[in-house]
Trainee: 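Structure incoming, see below.
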Number of protein chains: 2
Amino acid sequence: MTQPDFQQQLRDVALRVTRPRLAVLEAVHAHPHADTESVIAAARTLLPEVSHQAVYDSLHTLTEVGLVRSIKPAGSVARYETRTGDNHHHVVCRSCGSIADVDCAVGHTPCLTASDSHGFVVDEAEVIYWGTCPECSHRPQ
Amino acid sequence: MTQPDFQQQLRDVALRVTRPRLAVLEAVHAHPHADTESVIAAARTLLPEVSHQAVYDSLHTLTEVGLVRSIKPAGSVARYETRTGDNHHHVVCRSCGSIADVDCAVGHTPCLTASDSHGFVVDEAEVIYWGTCPECSHRPQ
DNA sequence: CCACTTATCTTGAATCAGTCAAGATTTCAC
DNA sequence: GTGAAATCTTGACTGATTCAAGATAAGTGG
């Protein structure tokens, strides 16, 4: 993934290629599961003067078109990743909040068929596994 | 579920039986999936002078002991329910935010076995189905 | 290559759910 | 009934996210 790749991604979804968006894309790609503050910091190493608002806007826009995906586990602020469209899920550490990717056990679009969805038209199943990360379980308390 | 039942529930988990807690338990039981503000309002119909802080405290405490469960779908504030311990999940309407219960398709503790959990010790799998509720899909836009 | 339209960005203020803290009350065990 | 400790009230505060207005820059057509 290089600068031109990100530019192409933006063009492919008919979005204007702006420096803030490139910086955000690159930042999220380099720091999967980073929260907004970290994305802002990372983006600023590439483009020192980006406003936090531009980052928020970019993240929203990129999320809408599907170039980034946002996850908001309960008790955590929003986090972002560029791995999209492959229906993977996440393990979240209850203790330190760290996140790892998990391919679903049941194959593709798992659990997507709810037994009784009360007439809802379901288009996505989001799974969050809660537990303890290796680091936190080794260091008791 | 009557007042004495709620009192007993509190005693069973060694919590003091206070009027705010009873009001909150009853409110959540009567309004499944209600957000905090609604719980406060409902609790105040039973106990007019409860402080919002007491409701927050009660919700936290009751959640810790497992008498209520909290859900926080992305983009929504915290919501609460008294149906606990049966590993059910939720469908959330992207359009209006309404929530319905869903028993998991795969049986009990579904999907709980992630294929590769990166060394995490997983103790719970939370599933959120995203879609459109009957009302919103009938009324286009 | 230039001008124009409009999306996007900057700046700075505002919102709002949720939290913190100190002192007053209430619960429950004895 | 009494006392210790948990719980509640009051009121201020935090911090992630959003709103709004004007400035700037991307892409289009000439």
Side-chain angles (χ1 to χ4, degrees), chain A residues 3-4 6-25 27-28 33-44 46-65 67-68 70-80 97, chain B residues 3-4 6-25 27-28 33-44 46-65 67-68 70-80 97:
Chain A
Q3 279 276 129
F6 295 127
Q7 298 190 7
Q8 195 50 52
Q9 287 195 316
L10 288 173
R11 293 221 163 77
D12 290 346
V13 294
L15 278 183
R16 288 190 179 177
V17 179
T18 68
R19 286 193 287 177
R21 282 180 183 158
L22 289 175
V24 168
L25 260 185
V28 175
H33 308 143
D35 59 23
T36 312
E37 196 181 359
S38 307
V39 174
I40 293 176
R44 281 186 176 153
L46 306 165
L47 182 64
E49 298 307 318
V50 228
S51 65
H52 76 135
Q53 191 58 242
V55 175
Y56 272 100
D57 283 352
S58 300
L59 286 172
H60 285 168
T61 311
L62 295 173
T63 300
E64 263 172 30
V65 299
L67 286 183
V68 315
S70 85
I71 43 185
K72 305 184 187 174
S76 165
V77 297
R79 290 161 176 280
Y80 299 88
Chain B
Q3 279 275 128
F6 295 127
Q7 297 190 6
Q8 194 51 51
Q9 286 194 316
L10 288 173
R11 293 222 164 76
D12 289 346
V13 294
L15 279 184
R16 288 192 179 176
V17 178
T18 67
R19 287 194 285 179
R21 282 180 183 158
L22 289 174
V24 168
L25 260 184
V28 175
H33 309 144
D35 59 23
T36 312
E37 196 181 358
S38 307
V39 173
I40 293 176
R44 282 187 176 151
L46 306 165
L47 183 64
E49 298 306 318
V50 227
S51 65
H52 76 136
Q53 190 58 242
V55 175
Y56 271 101
D57 282 352
S58 299
L59 285 172
H60 284 168
T61 311
L62 295 172
T63 300
E64 262 172 30
V65 300
L67 286 182
V68 316
S70 86
I71 43 186
K72 306 185 187 174
S76 164
V77 296
R79 290 161 176 279
Y80 298 89

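Chain A is the first sequence line, chain B the second, and so forth, proteins listed ahead of strands; every chain is numbered from 1.
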Trainee: From D/dT9, C/dG12, D/dA16, pick the nucleotide closest to the side chain of A/Q53?
Mentor: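 It is C/dG12.
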Trainee: Under 4.0 Å between any heavy atoms, over every strand shown, what does A/T36 touch: base, sugar-phosphate, or nothing? Just pick one.
Mentor: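 The answer is sugar-phosphate, as A/T36 gets under 4.0 Å only of primed atoms, P, OP1 or OP2.
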Trainee: What pair of heavy atoms forms the shortest contact from B/V50 to B/A54, and how long is it?
Mentor: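 For B/V50 versus B/A54, the nearest heavy atoms are CG1-CB, 4.1 Å.
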Trainee: Of all the nucleotides listed (C/dC9, D/dT10, C/dG18), which has the minimum atom distance to the side chain of B/V77?
Mentor: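 The listed nucleotide nearest to B/V77's side chain is C/dG18.
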Trainee: Closest approach to the side chain of B/V17, judged atom by atom: which nucleotide of D/dA26, C/dC28, D/dT17 is it?
Mentor: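 Of all the options, the side chain of B/V17 is nearest to C/dC28.
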Trainee: Among the candidates C/dT8, C/dT10, D/dC8, find the nucleotide nearest to the side-chain atoms of B/S58.
Mentor: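 From the listed options, D/dC8 comes nearest.
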Trainee: Mind calculating the distance between CD (A/E64) and C1' (C/dT8) to the nearest angstrom?
Mentor: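 Going from CD in A/E64 over to C1' in C/dT8 covers 14 Å.
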Trainee: Considering all heavy atoms of both residues, which atom of A/R21 and which atom of A/R16 are nearest to each other, and what is their separation?
Mentor: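 Result for this residue pair: NH1-O, 3.0 Å.
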Trainee: Quick check for you: among C/dT19, C/dC28, C/dT8, whose closest atom lies nearest to any side-chain atom of B/R11?
Mentor: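 The answer is C/dC28, which lies nearest to the side chain.
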Trainee: C/dT26 phosphate, OP1 or OP2: any side-chain N/O from B/R16 under 4.0 angstrom?
Mentor: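 Result: no.
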Trainee: State whether B/T18 places a side-chain N or O below 4.0 Å from either non-bridging phosphate oxygen (OP1 or OP2) of D/dC8.
Mentor: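 Indeed, a polar side-chain atom of B/T18 lies that close.
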Trainee: Ignoring the backbone of A/V50, work out which of D/dT7, C/dT10, D/dT17 is nearest its side chain.
Mentor: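 Looking only at side-chain atoms, A/V50 lies closest to C/dT10.
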Trainee: Does the side chain of A/H52 get closer than 4.0 angstrom to OP1 or OP2 of C/dG12 through an N or O atom?
Mentor: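 Answer is no, no contact under 4.0 Å.
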Trainee: Reckon B/R19 touches a base, only the sugar-phosphate, or nothing at all at heavy-atom distances under 4.0 Å?
Mentor: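 The residue B/R19 makes no contact with any strand.
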